[in-house]
Amino acid sequence: MAQTDDHTPKVRTRFPPSPTGALHLGGARTALFNWLFSRHHHGDFVLRLEDTDRQRSKEEHVRGILQAMEWLGLDYDEGPFFQSQRFERYCQAVEQLLQSGRAYWCHCSPEILEQKREQAMAAKAKPMYDGACREQGLGPAPGAVVRYKGPRSGNTVYNDLVKGPISFDNAELDDLVILRSDGSPTYHLAVVVDDIDMNISHVIRGDDHVNNTPRQILLYQALDAPLPLFAHVPMILGPDKTKLSKRHGATAVMDYRDLGYLPEAMLNALARLGWSHGDQEMFSRQELIDYFDLDAVGRSAAVFDQDKLLRMNQRYIQAAEASRLAELVRPFLAPRGVERPDPELLSACLPELTPRAKTLLELSEWAEPFLKEEPAMDPAAAQKFLGPAQAPVLERVLALVQELGSAPQAMEEAFQGLTQELGLKMKDVAQPVRVALMGRTFSPGIFEVMAILGPERIKARLKRALDLARE
RNA sequence: GGUCCCAUCGUCUAGUGGCCUAGGAUAUCGGCCUCUCACGCCGAAGACACGGGUUCGAACCCCGUUGGGACUGCCA
């Protein structure tokens, strides 16, 4: 960021996932904050894949991350860039540092280093590189690495946009490797070079990078580049307050899609983790953009609240357009044996189902008995509500439908008449009919169910139930 | 161990010295609604980690303690 200018330079943020796994909640939230910040300030958002670790980086993870970003609707203005394609530039930067005396070749073998580390630990000292090769003036050699030559005294201070001023004693920082023995750059070097080249103005990332920041600041300075602004957002924890991991169940963004969550619910829930806008809980995408800023980001780690997401998802399902829900629920219907749902039936039952479903998965469970020609019959329900005692009632209802059709108002009046005539409660009629029509003891209101199904389906299902009841 | 960060209901959080007998959300419990299940509505319970300061006054500022987390790699 050009700090010599009086006018505010353009905001440019980036999200740099490492393709060594799926996009998880923490990463998604970091991506979201970066995206929101850039959108709020009419800046740019850059996507960059940090795949300098050739062992662990996988093509499938790149695809997965891209897919998750798309699902969440986090679009980027530039990228995806791949660090693996920029090795030449990193080597150039290393060369520059070597030339200016800000870096040096180190011949220490990993074994020696490991030994020294253990000794230091045993002596309860800080396990730092001892700088054995620092003043040797060594050159390249097989197995050699390049280390950054850091200052041995002084302080490195920066003003974190969420945590405030943070200061480090340079003596605590050891000379980190910037070029591996196989010629590949390390994270610290690559991230700094990229952020310089890509003109990143704000580095918004996880809390776990706070300790990396001073060394990176030193690298910027060694490279004679202007500093970006840093903002470290707190971690996301599992219910046991430890760093979120696979032990905690669904942690990947796409897990939630497969569980039947809507992307807008996911986004809303993620945004509210560590960020707030007064007492408001529900935010549209546009509101998020309008209201988001770093000063409202909290400083303490947060546990991801699944229940709250679930509730939020339910609200978004209720608010969603029926036509979109019809599309979204299809992948959940197919495994239940409903490959081609009747479009009219589906759109008719959806409004009755949305207040009852917290996820698309649940929505498909509720929709199934409407959409199947012969819905599955719950044995326990049949046992209780479809016996000889109920047969007469079902017969009467069948006759009523034959005579009057299935319009809700007509049916309600007819049912009331029936209960009076037979001296029954409404539930004595409604429950058997419900089980007959839906195969289970729970469903939307019985008159709504009947209106949705229509006379023909009702008659067929009533007859089937009667066969069962008379046995 | 060292360095750095953090600390309000179970959880997410509002709160930036008086508006706080601490607000909202979620979860829990109770009630209403009712043909079942939900939704909705009403209500209950539930927190400023502890100890010192500063101040007329502290959840808010300072110091310490305790607790938690991150980093401490030729991972990112």
Side-chain angles (χ1 to χ4, degrees), chain A residues 16-20 50-53 55-57 83 106 108-110 113-114 117 120-129 143-147 160 163 166-169 171-174 176-182 184-188 190-191 206-214 232 234-235 237 239 241-243 269 272-282 298-312 314 318 352-358 362 366 381 385 412 415 419 425-435 438 440-447 449:
Chain A
S18 162
T20 52
E50 308 217 322
D51 55 350
T52 55
D53 185 340
Q55 311 297 321
R56 298 198 300 148
S57 294
Q83 291 190 325
C106 169
C108 297
S109 69
L113 257 19
E114 184 54 36
R117 228 193 310 279
M121 295 281 260
K124 299 212 172 196
K126 188 180 170 73
M128 282 177 34
Y129 176 62
V145 300
V146 175
R147 286 182 186 272
D160 196 289
K163 291 176 185 293
I166 300 182
S167 167
F168 293 86
D169 190 340
E172 292 293 334
L173 279 21
D174 59 357
L176 77 203
V177 172
I178 55 178
L179 193 73
R180 298 189 186 99
S181 56
D182 67 357
S184 64
T186 61
Y187 161 71
H188 288 285
V191 76
D207 220 345
D208 47 344
H209 285 287
V210 172
N211 287 292
N212 292 330
T213 305
H232 289 97
M235 305 265 79
L237 274 22
K241 296 243 182 191
T242 63
K243 194 172 179 177
R272 279 291 287 104
L273 248 197
W275 173 80
S276 60
H277 182 71
D279 281 340
Q280 189 170 342
E281 296 285 348
M282 301 287 283
R299 290 156 308 272
S300 51
V303 174
F304 184 67
D305 191 344
Q306 302 248 8
D307 286 326
K308 205 161 173 176
L309 167 65
L310 193 60
R311 192 57 214 282
M312 219 166 236
Q314 178 173 39
Q318 287 184 60
E352 289 300 328
L353 269 25
T354 48
R356 294 171 168 80
K358 290 186 165 73
E362 287 183 18
W366 282 99
F385 292 107
E412 186 155 5
F415 272 47
T419 55
K425 296 271 180 56
M426 183 59 90
K427 65 179 172 188
D428 298 324
V429 180
Q431 277 306 74
V433 174
R434 187 186 320 279
V435 175
M438 296 277 98
R440 35 172 101 156
T441 56
F442 53 93
S443 82
I446 195 63
F447 305 117
V449 168

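Computed from a predicted model, the values in this text were never measured in an experiment. Side-chain atoms are counted along with the backbone in the values below, which use heavy atoms only and exclude waters and symmetry mates. In what follows, every chain begins at residue 1, and chains take the letters A, B, ... in the order their sequences are listed.
The interatomic distance linking Leu310(A) (CG) with rC12(B) (C1') rounds to 15 Å, in whole Å. Taking atom CD of Glu412(A) as the reference point, atom P of rU36(B) lies 13 Å away to the nearest angstrom. The separation between Asp169(A) atom CG and rU3(B) atom C1' is 9 Å, rounded to whole Å. The interatomic distance linking Leu273(A) (CG) with rU13(B) (C1') rounds to 10 Å, in whole Å.
With a 3.5 Å ceiling on both atom-pair distances, rC37(B) lacks any Watson-Crick or G-U wobble partner. Within the shown strands, nothing qualifies as a pairing partner of rU54(B) under the Watson-Crick or G-U definition with both distances less than 3.5 Å. If you check rA70(B) for Watson-Crick or wobble pairing at under 3.5 angstrom, you find it paired to rU3(B). Checking rA44(B) for Watson-Crick or G-U wobble geometry (two distances, each under 3.5 Å) identifies rU28(B) as its partner.
For rC39(B), the OP1/OP2 oxygens have no side-chain nitrogen or oxygen of Thr354(A) closer than 4.0 Å. Between Arg117(A) and rG73(B) there is a side-chain polar atom (N or O) within less than 4.0 angstrom of OP1 or OP2. Contact annotation: Lys425(A) side-chain N/O to rU34(B) OP1/OP2 distance is not under 4.0 Å.
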List every contact pair, protein side and nucleotides 20-27 of chain B side both N or O, where the distance is under 3.5 Å.
residue : atom : partner   : partner atom : Å
rG23(B) : N2   : Asp279(A) : OD1          : 2.7
rG24(B) : N2   : Glu281(A) : OE2          : 2.7
rA25(B) : O4'  : Glu281(A) : OE2          : 3.3
rA25(B) : N3   : Lys308(A) : NZ           : 3.2
rU26(B) : OP1  : Arg311(A) : NH1          : 3.4
rU26(B) : OP1  : Arg315(A) : NH1          : 3.3
rU26(B) : OP1  : Arg315(A) : NH2          : 2.9

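Comparing the P positions of rC39(B) and rG57(B) gives an interatomic distance of 49 Å, to the nearest angstrom. Taking atom C1' on both nucleotides, rC74(B) is separated from rG69(B) by 27 Å, rounded to a whole Å. With both ends at atom C1', the span from rA22(B) to rU16(B) equals 15 Å, rounded to whole Å.
Crowding of Met282(A) atom CE: a count of heavy atoms from other residues, nucleotides or ligands under 6.0 Å exceeding 12.
Counting any heavy atom pair closer than 4.0 Å across all strands shown, Thr20(A) reaches no nucleic acid atom.
Under the salt bridge (charged side-chain N to carboxylate O under 4.0 Å, His left out) criterion, Asp160(A) pairs with no residue, sequence neighbours left out.
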